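Here is how names work: the chains are called A, B, and so on, in the same order as the sequence lines, proteins then strands, and each is numbered from 1. Remember, it's a predicted structure, so these values are computed and weren't measured experimentally.
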Amino acid sequence: MLDGMMAQKTFKPVNEKGLALIELRAYAYDVLRRTFASEPSQEYLGLMKDTIDQFPFSSESEYILKGIEAVKKSLDQLDRSVGISKDVSEELLWDYTRMFIGPDQLVAPPWESAYANEDKLLFQKETLAVREAYLKYLFLPVQFQQEADDHIGLELDFMYQLCLILYEKMKSGDLSYAEVLEDQKSFLQQHLLTWVDRFGKDVVNNSATDFYKGMANILTGYLSLDQRAIEELLAI
Amino acid sequence: MANLVDKAITHKLSRRSFLGLSAGAVAAVALPGCGLQKVDAEKAAELSQKEGEWITAACWHNCGGRCLNKAYVVDGVVLRQKTDDTHPDSPDFPQQRGCARGRSHRKMVLGADRLKYPMKRKNWEPGGGKKELRGKDEWVRITWDEALDIMASELKRVKEKYGNAGFFAPAGGSGGGMEPQRLLNAYGGCTERWGNVSWGSWPDVYSTVTGLPNNGASSGNDRFRLRDSKLIILWGANPAQSSQGLPTYNYLQAKKAGAKFIVIDPLYTESARTLGDEWIPVRPATDTTLLLGMAHHIITNNLLDQKFLDNCTIGFDADHMPEGADPKENFKDYVLGTYDGTPKTAEWASKICGVSAEIIQKFAQEYATTKPAAIISGGAPARINNGEHLPHAMMTLAYMTGNVGIPGAGVSPNMHNSATNAGPALVQPGGNGIPKVNNPIAQNRINSGEMWDAVLNGQFTESKGKKIDVNIQMIWNWFSHTLNQRAGATRGIEAHKKVEFAVAQNLFLTTDARYSDLVLPVTSQWERLGGLLTGNREILIYHTQVIKPLFEAKSDMWIVTEIAKRLGVDTKIVNPISEEQQLYNAIAGAKVIKADGSDYEKLVTMTAEDIQELGAKGTPQTGRISYQEFKEKGIYQVPRSRGDKLEFTSFEDFLADPVGKKLATPSGKFEIYCDSLSKKIEKIGFSTKSPIPKYDPPLEGYEDGLKDGYNFQIVTIHYYRRSHSTLDNVPWLREAFPQEFWMNASDAANLGIKNNDIVKVTSRHGTVIRPAYVTERIMPGVVALGEGAWVEMDEQAGVDKAGSTGILNGHIATGQGHSGYNSCNVKVEKYDKPLEPDVKWPQRIIF
């Protein structure tokens with residue numbers, strides 16, 4: 001009994017560290033999924049302006065550091081008291097629309113399958129593979145069969161959702177959290193990391209705003225760090 | 001490098017922040033509207049590791065062929081395609097196999113460049129809003145509600161201010177009466193477009209000269225009777241390119257059976273390569289002179305089939321003229337030059353058409369002394385300005401030699417879906433049961449050759465001598481890619497920038513859509529319930545839904561129905577019958593011919609369960625095949641064999657009894673002197689035509705080019721990459737078929753142009769740039785470009801980089817109001833800037 005209590009006490013600080021890292025990972029994925037899943041809302045931009053500084057691990061990644069600087073530069077142009085000006089938010093809206101929506105050239109199509117095959121097709125075998133991963137955790141896109149499952153926003157949302165599951169499991173002492181970590185690791189390796197580098201480069205090279213150039217750098221920088229985070233968590 | 005776990009513990013997160021974990025509850029953290037959601041375990045298990053299935057997928061385009069296309073689908077993901085494997089292949093019972101385009105459908109339907117959401121032009125506002133920005137403005141994604149509200153309010157506004165004639169709904173070649181027109185007609189009517197696009201000057205000539213109520217495309221011999229031919233002349237017909245699927249294979253069977261092939265074409269086409277024993281290159285828009293030169297040889301060398309001429313035709317010579325006609329106006333005397341002093345000799349013809357007199361005479365001799373010999377034309381030679389003389393002269397040549405009405409002979413533009421398989425359909429769908437909505441202002445019809453001028457200048461020709469004022473302020477494009485595909489695209493772009501409102505509904509950001517204020521994403525046939533497709537006379541295809549509608553795409557009918565609700569228009573008029581019921585009507589009404597050819601019988605047996613499965617109302621029926629078999633195979637193909645009762649040759653009945661089975665012409669015979677044709681053309685009001693075939697140089701034909709330095713003639717060809725303009729955006733096809741500009745090696749050498757150099761091609765109407773394909777496969781003085789490339793203007797340089805032939809072709813109305821794409825003069829020069837291959841161009845991608 002005493003031993004058991006001792007043991008618990010011994011492991012508790014480590015778990016707290018683990019939980020803190022998972023919380024940060026959830027935070028990072030939350031920022032990233034919102035950035036790439038839909039057009040920038042006023043509320044989102046306001047939040048970004050106030051909080052981009054606290055995006056984790058700028059000290060560990062030049063990309064993240066560079067990205068945060070660029071995002072700040074983009075959003076700091078304006079007078080703090082009036083919030084995000086109409087001009088800036090329209091510029092960002094157009095930048096998003098042009099790169100991930102249209103017209104004429106989708107310079108950075110935000111779907112894994114568009115990078116996995118040379119014809120930039122949607123709803124391909126990558127879509128099915130991603131769907132299979134989602135189904136294990138009983139997830140499906142809200143717009144199932146209308147929006148392709150391998151949209152960057154959905155893949156990032158999946159990583160975010162797994163972070164929440166992971167957190168709950170670890171917090172409650174459910175040792176199956178390791179399986180979630182393994183699944184996150186393989187999802188990163190088999191999906192996001194296979195294409196996000198190229199996607200990020202396309203955004204950096206084609207974006208007309210520091211904001212999206214910056215967010216693309218944060219995205220690629222963070223995903224490569226997240227592999228490390230998973231390894232560390234697995235080692236706990 | 002510090003551990004991330006250690007860093008994490010000291011990292012501070014503000015509470016006014018992103019959710020991260022701070023909300024605590026998993027349920028609260030869904031992305032609004034676009035993220036992942038939880039499903040129950042049962043559904044997940046059902047969807048996981050699911051097996052796919054083969055579904056008959058529509059291959060629905062206007063390509064001139066029709067083949068069986070199947071898609072292997074796993075829950076909305078189309079992994080691969082295949083074509084007809086429903087039975088073993090043989091020449092007599094061939095498979096209906098698809099082409100590069102059909103097999104690329106997956107790459108079109110699922111392309112990242114699909115229109116996904118309704119979008120409006122950023123600076124659009126009611127009445128226009130910086131109209132000059134059309135084609136280059138920014139776009140904003142909007143909801144369907146907003147898009148439909150804009151449609152309704154603009155329709156109301158334009159109607160109130162300008163009346164219904166202010167709406168222009170230019171349907172495509174076969175798009176008349178489709179959804180937007182149903183709505184507009186129910187809302188008081190709209191201005192329409194008219195004028196045939198594909199068939200050139202054939203329709204009015206073929207129908208008035210023969211009395212048959214059609215354009216001749218399904219006339220000639222069926223594929224078995226073609227094997228009786230000793231000589232087949234492909235006159236500007238290139239089925240290997242224009243009618244993919246079976247036609248070339250069917251011709252090969254005729255060739256194996258002993259037919260000789262002579263190909264008349266400015267290009268050494270794929271058909272010429274595959275089938276041709278001889279190739280006779282001729283200048284575009286001058287074929288009439290070649291025909292007249294041949295006629296001269298046949299007359300002066302006593303090679304006429306006088307009996308045929310006497311019994312079956314009228315107007316050949318002075319002794320066989322219709323009552324009231326000037327006897328001097330007969331064909332023979334025109335050819336001999338009796339009254340105009342110009343005998344239409346081979347030498348005379350040679351100077352114009354570019355074929356040597358010797359070849360003309362040899363060709364005439366061979367044709368006149370070979371029976372049965374078939375002249376099979378395409379639309380291309382007749383797709384010229386004031387071009388009615390050409391088909392008329394071609395038909396007359398066949399009448400002079402009696403090469404009509406006997407198996408293996410004939411003269412017709414047997415093309416498109418019917419190429420190599422003339423005759424009535426042996427299997428056909430029932431009607432969908434949707435009644436037409438009549439246009440209350442149907443007199444407001446503008447010819448293709450005048451429509452953009454009418455938008456810009458406010459006037460069009462109603463008939464001879466009668467101009468009508470019109471004030472068009474809204475253009476509604478759908479389905480047909482009008483701006484890109486009709487001649488005069490340069491004017492068309494101006495017209496689109498002038499009106500107060502332009503809208504396009506499409507799968508992609510086509511040229512129409514690019515110059516619009518509002519774009520509405522529509523579903524492809526793969527995303528709809530299904531339907532029946534006809535092709536050659538022996539097949540009926542039943543395609544079914546492959547995937548759900550992608551993104552926010554909706555059917556054209558859904559769009560107009562929603563607008564109708566907002567306008568207070570009765571939706572029962574616009575959309576009277578459910579899709580399910582329409583499909584049932586077409587299947588239940590499908591008919592197939594009996595083996596003895598005497599009559600048709602029902603094709604499909606339908607049980608009460610089948611009808612219920614379709615979601616329709618109906619009565620069970622008995623037919624030749626079960627509904628389930630039809631659905632599973634996706635096709636019914638009529639069994640055929642040599643000597644069966646279904647073989648076909650045009651005019652066999654008439655030849656057997658020219659007196660008892662008169663033709664439906666005023667004379668009851670083939671009309672070499674055709675007053676009704678002459679009067680018809682005159683009444684239309686663009687140009688005139690003599691009752692007999694003569695040579696009347698086409699506007700912007702060979703002679704016009706000699707006058708003012710536009711010294712090349714351009715022909716537009718159907719191009720492997722696409723079906724007209726459809727599929728032009730597929731990278732696979734772009735890579736395989738680069739939209740090259742054909743020119744003869746000697747012409748290129750004179751201009752210092754080498755293969756793959758970028759050249760600038762300028763007509764009187766516009767300029768394009770393209771990589772040169774320097775070849776001996778095209779005659780000197782002639783250049784060629786595939787039609788259908790999507791206009792891609794370099795506004796600064798004033799050139800279209802895509803090489804859209806609509807930019808080069810003139811906005812010209814002549815004859816029966818057909819499009820005269822193949823009479824067009826251009827200049828060619830080396831271009832000083834580079835041009836990336838099309839396959840490397842970014843796709844037109846819009847959410």
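Residues B/Cys34 and A/Ser38 approach most closely at SG-CB, 4.4 Å, considering heavy atoms. Residues A/Leu122 and B/Lys116 share a closest heavy-atom pair of CD1-CE, 4.0 Å. The two residues A/Glu232 and B/Val5 come nearest to each other via the heavy atoms OE1-N, 2.9 Å. For the residue pair B/Trp732 and A/Asp119, the shortest heavy atom distance occurs at CD1-OD2, 3.2 Å. Considering all non-hydrogen atoms of both residues, B/Ala44 and A/Leu138 come closest at CB-CD2, 3.4 Å.
Side-chain contact between A/Phe123 and B/Ile547 is absent, with no heavy-atom pair separated by less than 4.5 Å. B/Val77 has its side chain out of reach of A/Asp149: every pair of non-hydrogen atoms, C-beta onward, lies at least 4.5 Å apart. Put simply, the side chain of B/Glu138 reaches to within 4.5 Å of the side chain of A/Trp94, judged on heavy atoms. Side-chain atoms of A/Pro56 and B/Lys7, non-hydrogen and from C-beta on, never get closer than 4.5 Å to each other. At a threshold of 4.5 Å between non-hydrogen side-chain atoms, the residues B/Lys43 and A/Leu135 do not count as touching. Taking 4.5 Å as the limit, every side-chain heavy atom of A/Phe144 sits out of range of all side-chain heavy atoms of B/Val39. Two residues are said to be in side-chain contact when any heavy atoms from C-beta on lie closer than 4.5 Å; A/Tyr160 and B/Leu36 fail this criterion.
Highest contact tally toward chain A, considering only B/Asp75, B/Val140, B/Leu79, is held by B/Asp75 [criterion: heavy-atom pairs under 4.5 Å]. Per-residue heavy-atom pair counts under 4.5 Å with chain B were compared for A/Asp53, A/Leu140, A/Leu93, and the maximum is reached by A/Leu140. Contact count versus chain B (heavy atoms, under 4.5 Å) is highest, among A/Lys125, A/Lys136, A/Gln124, A/Gln143, for A/Gln124. Most heavy-atom pairs under 4.5 Å with chain A: of the set B/Glu735, B/Lys548, B/His11, this distinction falls to B/His11.
Proximity to chain A involves both the backbone and the side chain of B/Val74, based on heavy atoms less than 4.5 angstrom apart. Neither the backbone nor the side chain of A/Tyr29 comes within contact range of chain B, judged by heavy atoms closer than 4.5 Å. With a 4.5 angstrom heavy-atom cutoff, B/Asp40 touches chain A only via backbone atoms. Within the 4.5 angstrom heavy-atom criterion, only side-chain atoms of A/Arg131, from C-beta onward, approach chain B. Interface remark: A/Tyr134 contributes side-chain atoms only to the contact with chain B (heavy atom separation under 4.5 Å).
In A/Tyr177, the OH atom is crowded: over 12 heavy atoms of neighbouring residues, nucleotides or ligands sit closer than 6.0 Å. Counting non-hydrogen atoms of other residues, nucleotides and ligands closer than 6.0 Å to NZ of A/Lys171 gives a total of 12 or fewer. The environment of B/Glu146 atom CD is dense: over 12 non-hydrogen atoms of other residues, nucleotides or ligands sit within 6.0 angstrom.
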Stepwise side-chain contact (heavy atoms from CB on, under 4.5 Å) test for A/Thr97 and B/Arg141: CA-CA 8 Å; A/Thr97 305; B/Arg141 178 182 163 184; 5.7 Å; no
Candidate pair A/Ile101 and B/Met119, rule side-chain contact (heavy atoms from CB on, under 4.5 Å), full reasoning: CA-CA 10 Å; A/Ile101 300 179; B/Met119 294 193 88; 3.7 Å; yes
Stepwise side-chain contact (heavy atoms from CB on, under 4.5 Å) test for B/Asp6 and A/Lys17: CA-CA 7 Å; B/Asp6 294 328; A/Lys17 274 194 201 169; 2.6 Å; yes
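Remark: B/Asn3 CG to A/Glu231 CD distance equals 12.5 Å, nearest 0.5 Å. Atom-to-atom distance recorded for B/Leu509:CG and A/Leu106:CG is 12.0 Å, nearest 0.5 angstrom.
Proximity of a side-chain donor or acceptor of A/Glu132 to a complementary backbone N or O of B/Gln49 within less than 3.5 Å is detected. Formation of a donor-acceptor pair under 3.5 Å by the B/Arg106 side chain with backbone atoms of A/Leu121 is not found in this model. For A/Gln146 (side chain) and B/Glu552 (main-chain N/O), no donor-acceptor pair under 3.5 Å exists by modelled atom type.
With a 6.0 Å cutoff to the six-membered ring centre and a 45° limit on the axis angle, B/Lys38 counts as a cation-pi contact of A/Phe139.
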